[in-house]
Amino acid sequence: MSPFDAPVGGAGAEMHAFVRELFPICRSITGGGMRETLSRIQQRIPIALHEVPSGTRVLDWTVPDEWNVRDAWVANARGDRVIDFARHNLHLVGYSVPVRERMPLAALRSHLHSLPDRPDWIPYRTSYYERTWGFCVDHRTLMSLPDGEYDVCIDASLAPGHLTYGELFIPGATTDEILLSCHCCHPSLANDNLSGIAVAVHLAARLAGSARRHGVRVLFIPGTIGSITWLARNPDAAARVRHGLVLSCLGDAGAPTYKRSRRGNALVDRAAEHVISARGGDSSAIRDFTPFGYDERQYCSPGFDLPVGCLMRTPNGAYPEYHTSADDTAFVHAGALEDSLSLALSIIEILEHDVRYVNRQPYGEPQLGRRGLYGTVGGKAPREAELAMLWILNQSDGGHSLLDIANRSGLPFATLRAAAAALEDADLLARAPVTP
Ligand code: ZN
């Protein structure tokens with residue numbers, strides 16, 4: 001069975017369970033939380049783990065020191081922990097340096113971050129490349145802190161170690177590759193980025209069980225520095241990437257969104273637009289490339305210019321819960337994860353099967369009934385299957401691909417693909433020579 005025909009039912013619940021399993025882990029761009037996350041992924045799909053030493057030069061960047069936290073808190077004069085990393089890992093600013101100090105509230109305040117307009121939510125902050133420390137706290141708690149002396153403890157290490165990332169390569173029949181990439185560096189945040197991880201794991205498992213034209217390479221990396229590190233170490237594999245998707249924010253209740261690659265009209269861009277518009281997505285669902293967001297920034301930097309877009313539901317920054325404690329496991333829905341998986345599979349189906357054909361009987365319509373092609377394809381909607389055959393025969397002059405025909409006819413790509421296979425079997429279609 002093709003991976004595109006298998007039902008996705010039940011996968012949503014499994015993906016949501018994986019999001020809940022990973023949620024408590026304190027991830028960052030390096031360190032034990034990242035390794036723990038990758039080892040849980042490894043229990044599901046056979047990713048290879050790569051360890052790159054701190055200090056390694058990668059493109060214009062340097063792999064940073066490794067960060068690990070044992071404990072972090074702020075306590076009042078009575079010794080009560082008023083802010084405690086053990087209660088929520090968002091409380092500690094990512095990459096905070098070790099601290100053990102007593103200070104008055106006035107001095108502590110410059111290290112505390114809150115969201116006055118969302119007084120119950122803890123914000124998510126990091127300081128990867130500037131050595132400092134801080135705590136994030138809900139504004140209500142911040143306002144309730146009385147003047148006085150506070151003890152601050154950040155029992156963490158920030159020292160030479162490694163950057164860890166995970167990679168799975170599933171070979172295809174050709175050397176062409178599809179790149180799937182998701183960042184894995186956020187602590188307890190569910191939609192950004194555990195939803196992308198869960199969808200990528202299921203997508204990889206689904207694609208691994210089938211014959212494909214493209215190899216599929218799946219990367220589980222820390223944001224920015226991870227894609228830069230992979231690109232620096234893998235110029236040959238990068239050159240084999242024909243299509244790619246960054247997967248992020250795929251579990252919220254919003255409608256799907258696709259952000260185009262820098263090229264703007266790559267097959268992955270046209271495939272995503274087709275799939276989203278076929279599901280009723282409006283023009284706001286398709287966004288042009290911008291040089292910020294996720295790792296598409298690196299894949300689409302001009303030296304690489306890979307055809308990599310970004311598949312999301314509500315985009316990063318466009319929902320209030322983004323980068324706050326409200327992006328929790330309840331914000332992510334099994335149904336949305338399942339829908340995102342099915343959406344990604346539909347896009348990859350087009351990447352795999354968008355072929356140009358030549359009609360071998362182009363003078364008049366070939367007689368389909370005589371060849372047993374009427375009413376035999378796509379039993380559920382025979383009329384649609386017949387229409388699909390007529391569209392393909394009419395448009396297949398070597399200049400139009402199945403996706404072009406899908407867009408012109410308004411018929412689903414999957415229906416056209418099945419019809420083309422039947423016509424090919426009946427010797428009515430031949431594959432047009434592939435143009436690079
Ligand atoms: Zn983020």
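Order of listing sets the numbers, starting from 1, for every ligand and every atom in it. Basis for what follows: all heavy atoms, side chains included, without hydrogens, waters or symmetry-related copies.
Ionic pairing of D176 and R242 is present here: one or more N-O contacts between side-chain nitrogen and carboxylate oxygen are shorter than 4.0 angstrom. Taking 4.0 Å as the cut-off between side-chain N and carboxylate O, D354 and R417 do not count as a salt-bridged pair.
Ring planes of H111 and W133: parallel class, angle under 30° (limits at 30 and 60°).
Under a 3.5 Å cut-off, the side chain of E338 and the backbone N or O of G12 do form a donor-acceptor pair. Judged by distance alone, the side chain of T324 and the main-chain N or O of A326 form a donor-acceptor pair under 3.5 Å.
When the side-chain hydrogen bond (donor to acceptor under 3.5 Å, both in side chains) test is applied to H186, the partners found at least two apart in sequence or on another chain are D192, H323.
Protein atoms of type N/O/S that fall under 2.8 Å from the Zn ion (ligand 1) number 3 in this view.
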